[in-house]
Amino acid sequence: MKARIVWLTAALLIAFMWFGTSHAQGEVENILNNGGFEDGVVEPWITYGNVTVEVVEELVGAAVPEEPIEGDYCLHVVVPSAGTNFWDSWIKYEGLVFEQGKYYTLSAFLKCKEGTLQIDFKPELNANPWTGYGEQSFTMTDEWQEYSLTTPVFTGDVSPADIVFLMAYAAGDFWMDGIRFYEGDYVPPVLKKRVAASSPNPGKAAVDVPRDTVLSWAPSPFAATHNVYFGTVYDDVSNADTTNTRDVLVSQEQDANTFDPDGLLDFSQAYYWRVDEVNNLNPESPWKGDVWSFTAEPFVYPIENIIATASSWQSGMGPENTVNGSGLDDNDLHSTNDAAMWLSGIAGPQPTWIQYEFDSIYKLHEMWVWNFNMAIEPLFGLGLRDVTFEYSTNGSDWTQLDGIPEFAQGPGIGGYAHNPPIDLGGIVAKYVKITVNSNWGSQSQYGLSEVRFFYIPVKAWQPKPASGETGVSLDTVLSWRAGREAASHEIYFSSDMEAVINGTAILDTITENNYEVGSLEYGKTYYWKVNEVNDAESPMFWEGDVWSFSTLEYSVVDDFEQYNNVDNKIFDVWGDYFVNNTGATVGHFEPPFAEQNIVHEGSQSMPLRYDNDGTVNEGTAYEQAGTMYYSEVEREWMVPQDWTIGGVEMLTLFFRGNPQAFVESSPGNIVMSGTGADIYQMTDEFRYAYKRLDGDGSITARIDSIQDTHEWAKAGLMIRSLLEPRCMQVHMVGSPRNRVEWMYRPAAGVVTTEISTEVDSTPLPHWVRLTRRGNTFIGEHSADGLNWSSITEGDPASSSVDLQMPATVYIGLVVTSHASGILCKVEFSEVLTTGNVTGQWQLADVGVTQGGNEADQLYVAVEDSAGNVKVVDHPDNPNAVLVNNWQQWNIPFSEFSDAGVDLTAIKKMYIGVGNRATPVISGTGTLYIDDIRLY
């Protein structure tokens, strides 16, 4: 069933093929150089427009953390803003030739930072008119996925040619990897297997790593155990092995993918570590890992965001210059630039002072001073010498710190390093005031270049969840970096911020720096703080900042992201006709089994085909007769689910149907849908509603609406010689961006010629007309149905052409979505024909299989462990299944509980189409289900 046997065999083959780590059979020859960016550079790829690219090893900031799809590198792409046209920014590979008689496949792995993002793939003539071949638009998600297109067969060489990725649809941040261009049909990539450990934590070259950190990594899928090397010398860690350990082999053939170093790490020490993956069944094992590094936290930290004031200052030489780093280079060496220093006013009040205000109260460890350093300093001696140092927690009550040494004089030359650190002895302060007693000369002006204060972190800090974080799970464990001197921690926690601020929401006092709160609710904001306590220190108590986080808005019943094509297939979890003999079919017949283009959020949804005529999947290898006259999918949980946890109150699911293929509600009033990549050049993919025209005649229609599936979705009128793709044809169509296009193909198997009006020049509703007079075909459009014009007003030749079509042709309505697999809904009215037009409306799927739903009843049912079932019908039945954009269906829990269903013990969930209670022959179609949640 649904390739189950084939894919089970494939899974077994994969399991046994790991003993070789090179590429396997089935690969194709990639015409592109550096398609995976493993050269570590962008070249030979080029860019144009408002786009920046960088080859990277890590996908920093990705909503879904992942690594490059293969190897060490991928391409990071940033488009800061949308272009006027989607082709205004691009990445291109030039120097290609598309050879006569051949066709090619272009594929690439894409992943955006978050959400979704549109991109266009275009093999093209690299010269005017930039003809595209099989051009297609895709919507990437926040997880790696491969997208591909296949060109038509080329009837002649195309040179110069290129492939280009057009990306100015919207501002975006995404990654590309594994770009391939090769002859023939699509072939799945054979990726190099990852045999080495990856994803180190702490991350590569991490700094400020807590001294009690536990190392972890992502193990290779082929590793049975791990050898861990850890030390402070790079060469030792890099070159050690099990025979020459160099005293850095700290754990051999351990099972866990974590390692806890003995004791606490040393302050500010750089550490190196390596993990070799081991499997003694493989002669190539162990697989040596990369050497990773990190640096442990320092003993003290510099205070930032300091406000400096002074008794006076010279114009352009204010006190702020002493804390803004303006005169320092990357090595903390100061210049002689006077605009980067403070100098008191010539006639400023005495005594001269400079004061610093911190953003909080700190325990100060030391101060660095760069004294006044203008080139004249050795001659005039304006730098501070003897000072009085005072400190305060409130700015009113001051304490003098004795023993402050004389400030060394600045040298008056560039490259000036700070004076010896001044020990502040752990004083507690929010304000520091330095009053000048003397300088190094005889002038009454005083100057200073820079100061830096260092503090000991004695307050709780770096909370997890981070303050302000959203989407936090209900089982989160609170943790923080403990204050350096804390012996215990007072935890305050509440959804009432004032209770935390006032100290009335104390939760517990503990000695560990983590706490499991439990009993959180969905969609709620919580506040917390940690006060650090040590009776043996002064002060004994440090009050913490108030932090906050918000929990997930909902509980996930199923978001369909976890299903794959091997060992967790979507139809093995959601039962369909194969298990319940209804008319429902879950998933696609061939992998990927889950839907990966039409999704609400994430990268997958569940396709559900309903067929309520007693036979399912007619004409396929999976046809089954005798099915019931309703369609239902079901999911059963081995352990009953408590749907009431976290204060949720309703069941929500997102669904999307398809419009009807063709409905003429009254003469000339037609609703129609169609899908397809395009009608352009050599691409012919659309739904065609047609009659037959013998001799001269015309067809007219008012286009009332076009669903915006893409800016080049097309709907309108067409006359063509045959029903096969790439035949002789003319069309006059509109688009969602309010423009009209005239196009014709002068002979079978050649590219089209087209011209269109400007964007927003022909707003809907708008009339279009096609006329045949002998061998002349004329396209016209009108804003009112009375006054008609050609594409270029005043130039009839701009939308007319002479073609040698047969006497009897096909004439009718055409729709394409310019988005493969997605139906575009269009409303026509005032459809009229003239001449010898015969027959009833008939439908043709040109170039690609079309779809379309029939109206029917949509319902959801849940069943508890005692067998109590409640069915809830959608309020918009029977038309809910005809809506082809995502719909959110909210069902209050009372719908189920009032019927006796125990929401603390849910055993089954059903989603169905048809009349479950009294089945009758009814409709067919396809739904997409996504993001089943509890709110």
- Message: Could you tell me if Gln707 and Asn884 have a donor-acceptor pair between their side chains, going purely by distance under 3.5 Å?
- Response: yes
- Just how far is it from atom CD1 of Ile891 to atom OG1 of Thr652, taken to the nearest 0.5 Å? 8.0 Å
- Message: Heavy-atom count check: over 12 atoms from other residues, nucleotides or ligands less than 6.0 Å from Phe893 CZ?
- Response: yes
- Message: Ring-plane angle category for Phe655 and His874, please: parallel below 30°, perpendicular beyond 60°, tilted otherwise.
- Response: perpendicular
- Query: Between Glu649 and Tyr935, do the side chains contain an N or O donor and an N or O acceptor separated by less than 3.5 Å?
  - Reply: no
- Query: Above 12 or not: heavy atoms from other molecules or residues under 6.0 Å from CD of Glu516?
  - Reply: no
- Pair Ser820-Gln136, side-chain donor/acceptor within less than 3.5 Å: yes
- Query: Does the pair Asn868 and Asp864 meet the rule for a side chain to side chain donor-acceptor pair (under 3.5 Å), with working shown?
  - Reply: CA-CA 5 Å; Asn868 300 306; Asp864 64 20; 3.0 Å; yes
- Task: May I ask you to check whether Gln118 and Asp120 show a side-chain donor-acceptor distance below 3.5 Å?
- Result: no
- Message: Regarding Lys111 and Glu143, does a basic nitrogen lie under 4.0 Å from an acidic carboxylate oxygen?
- Response: no
- Asp856 and Asn612 side chains, donor-acceptor separation under 3.5 Å: yes
- Query: Any chance the side chains of Ser829 and Asp704 put a donor and an acceptor closer than 3.5 Å?
  - Reply: yes
- Over 12 foreign heavy atoms within 6.0 Å of NZ, Lys908: yes
- Are the aromatic ring centres of His818 and Trp712 under 6.0 angstrom apart? no
- Closest non-hydrogen contact found for Val848 with Thr675 is CG1-O, 3.9 Å
- Got more than 12 heavy atoms from elsewhere within 6.0 Å of NZ, Lys825? no
- Task: For residues Phe578 and Phe571, establish whether the separation of their ring centroids is below 6.0 Å.
- Result: no
- Side chains of Asp558 and Tyr563: do they bring a donor and an acceptor to under 3.5 Å? yes
- Note on the structure: Interatomic distance, OH@Tyr515 vs OG1@Thr476, rounded to 0.5 Å, equals 14.0 Å
